**Student:** 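A single structure is presented below for examination.
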Amino acid sequence: MLSKKMSEALNAQINMELWSAYLYCSMSNWALDSGYEGISHWFRLQAREEQSHAERIADYIHRQDSKVVFRPIDEVPNDWGSPIDLFLDAAKHEAKITDCINRLTKKAIAEEDLATQVFLQWFVSEQVEEEDSIRAILTDLRKIGACECGCGLHLVDRELLQRTK
């Protein structure tokens, strides 16, 4: 069974993951409204992935005979200046989530909660992938000068439309 503090911290992370999904839905809709179908698709899949992270944590809490508690989700931004701004915000957000996962892991270590430490290792690895993925897109956008060049941005947008998971 989870300690009260660990249960509360994991429940807070569920809220963060759902907020992430909400943010990425907003980003997806901004991209679609701005004519970037591929970017919209990428963020829509990202939103689904974040929701699956919340579900994964909820399942773990249940398996540890603790209670899942849903809290209100704060408002998210709805407007960005450009696709590069969108991905810069996503990169900042993923860095924040990485910090949250690291703090959770440190809490599990401090509590000598081995099961939760093992459970959280998946999220530690996942965050490396999340940050790397966004960083790679930002690198592509910077290489082509996406802020000024519609042709290069169109190619990146088409590439992001190919994402399957």
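For this chain, numbers begin at 1 and follow the sequence in order. Keep in mind that this is a model prediction, so the values were computed, not measured.
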**Student:** May I have the step-by-step check of side-chain contact (heavy atoms from CB on, under 4.5 Å) for Gln13 and Ile101, ending in yes or no?
**Tutor:** CA-CA 8 Å; Gln13 189 62 37; Ile101 295 297; 3.8 Å; yes

**Student:** Output, in order, the C-alpha distance, side-chain angles, deciding distance and verdict of side-chain contact (heavy atoms from CB on, under 4.5 Å) for Trp42 and Ile137.
**Tutor:** CA-CA 11 Å; Trp42 192 92; Ile137 294 167; 3.5 Å; yes

**Student:** Quick check: closest heavy atoms across Leu32 and Arg44, and the distance to 0.1 Å?
**Tutor:** CD2-NH2, 4.4 Å

**Student:** With heavy-atom distances below 4.5 Å as the criterion, would you say the side chains of Gln127 and Asn102 are in contact?
**Tutor:**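 The answer is no; the side chains never approach within 4.5 Å.
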
**Student:** If I compare all heavy atoms of Ser26 with all of Pro77, which pair ends up nearest, and what's the gap?
**Tutor:** OG-O, 2.6 Å

**Student:** Is the closest side-chain heavy-atom distance between Lys67 and Ile61 below 4.5 Å?
**Tutor:**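 No, every pair of side-chain atoms sits at 4.5 Å or beyond.
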
**Student:** Just checking, is any N or O donor in the side chain of Thr105 or Gln117 under 3.5 Å from an acceptor N or O on the other one?
**Tutor:** no

**Student:** Are Trp19 and Asp74 linked by a side-chain donor-acceptor pair shorter than 3.5 Å?
**Tutor:**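 Note: Trp19 and Asp74 side chains miss the donor-acceptor criterion.
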
**Student:** Check whether the ring centres of Tyr60 and Phe123 lie less than 6.0 Å apart, and answer yes or no.
**Tutor:**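 Between Phe123 and Tyr60, which both carry aromatic rings, the centre distance is not below 6.0 Å.
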
**Student:** State whether Glu17 and Arg56 are salt-bridged, where the test is any N-O pair (Lys NZ or Arg NE/NH1/NH2 against Asp/Glu carboxylate O) under 4.0 Å.
**Tutor:** no

**Student:** Is there a side-chain contact between Met16 and Ile97 in this structure, where contact means two heavy atoms from C-beta onward sitting under 4.5 Å apart?
**Tutor:**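 Yes. Closest side-chain heavy atoms under 4.5 Å.
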
**Student:** Is the shortest side-chain heavy-atom distance between Leu141 and Leu153 below 4.5 Å?
**Tutor:** yes

**Student:** Is it the case that Glu130 and Gln46 place a side-chain donor and acceptor less than 3.5 Å from each other?
**Tutor:**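 The answer is yes; a qualifying pair exists.
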
**Student:** A side-chain contact here means heavy atoms from C-beta on lying under 4.5 Å apart; do Trp122 and His53 qualify?
**Tutor:**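 When only atoms from C-beta onward are counted, His53 and Trp122 do touch, with a gap below 4.5 Å.
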
**Student:** Sort out for me which residue in Tyr24, Trp80, Phe43 forms a ring pair (Phe, Tyr, Trp, His ring centres under 6.0 Å) with Phe87.
**Tutor:** Phe43

**Student:** Can Leu45 and Thr164 be said to form a side-chain contact (heavy atoms from CB on, under 4.5 Å), step by step?
**Tutor:** CA-CA 8 Å; Leu45 292 181; Thr164 60; 5.8 Å; no

**Student:** Treat each ILVMFWY residue as a node, draw an edge where side-chain heavy atoms are under 4.5 Å apart, and state whether Leu10 and Ile109 are in one component.
**Tutor:** no

**Student:** If you round to the nearest 0.5 Å, how far is CD1 of Ile39 from CG of Asp157?
**Tutor:** 5.0 Å

**Student:** Are a donor atom and an acceptor atom from the side chains of Trp30 and Asn78 found within less than 3.5 Å of each other?
**Tutor:** no

**Student:** Give a yes or no answer on whether the side chain of Thr98 reaches the backbone of Glu94 with a donor-acceptor pair at less than 3.5 Å.
**Tutor:**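 Confirmed, Thr98 side chain pairs with Glu94 backbone.
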
**Student:** When you check the gap from the basic side-chain N to the acidic O, do Asp59 and Arg63 get nearer than 4.0 Å?
**Tutor:** no

**Student:** Would you say Ser7 and Asn11 make side-chain contact, with heavy atoms under 4.5 Å?
**Tutor:** yes

**Student:** Could you report the tightest heavy-atom contact between Glu111 and Ser3, atom names first, then the distance?
**Tutor:**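 Residues Glu111 and Ser3, closest heavy atoms: OE1-OG, 2.6 Å.
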
**Student:** Quick one: pull up CD in Glu126 and CD in Glu49 and give me the separation to the nearest 0.5 Å.
**Tutor:** 4.5 Å

**Student:** Can you get from Tyr22 to Val69 by hopping between Ile, Leu, Val, Met, Phe, Trp and Tyr side chains that sit under 4.5 Å apart?
**Tutor:** no

**Student:** Looking at Gln64 and Leu2, what are the two nearest heavy atoms and their distance?
**Tutor:** CB-CG, 3.6 Å

**Student:** Keeping the roles fixed (side chain from Asp132, backbone from Val128), state whether a donor-acceptor pair exists under 3.5 Å.
**Tutor:**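 Looks like no, no N/O pair under 3.5 Å.
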
**Student:** Work out which heavy atom in Leu104 is nearest to a heavy atom in Ala9; give both atom names and the distance.
**Tutor:** CD2-CB, 3.4 Å

**Student:** Can you tell me how far CE of Met6 sits from CG of Asp113, rounded to the nearest 0.5 angstrom?
**Tutor:** 5.0 Å

**Student:** I'd like to check Arg142 versus Ile84 (side-chain heavy atoms, cut-off strictly below 4.5 Å). Are they in contact?
**Tutor:** yes

**Student:** Look up atom CD1 in Ile144 and atom NE2 in His154, then write down how far apart they are to the nearest 0.5 Å.
**Tutor:**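 Here the rounded value is 11.0 Å.
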
**Student:** Please step through side-chain contact (heavy atoms from CB on, under 4.5 Å) for the pair Leu155 and Glu159, ending with a clear verdict.
**Tutor:** CA-CA 6 Å; Leu155 293 174; Glu159 181 181 323; over 6 Å; no

**Student:** Which atom pair, heavy atoms only, marks the closest approach of Arg158 to Gly38?
**Tutor:**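 Closest heavy-atom pair between Arg158 and Gly38: NH2-N, 4.5 Å.
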
**Student:** Quick check for you: to the nearest 0.5 Å, what is the distance between Glu131 atom CD and Lys92 atom NZ?
**Tutor:**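 That separation rounds to 13.5 Å.
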
**Student:** Please tell me if the side chains of Arg103 and Cys100 come closer than 4.5 Å, counting only heavy atoms from C-beta onward.
**Tutor:**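 In short, these two side chains touch, coming nearer than 4.5 Å.
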
**Student:** About how many Å separate CG of Leu23 and CG of Leu18, when rounded to the nearest 0.5 Å?
**Tutor:**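 Output value for this atom pair is 12.5 Å.
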
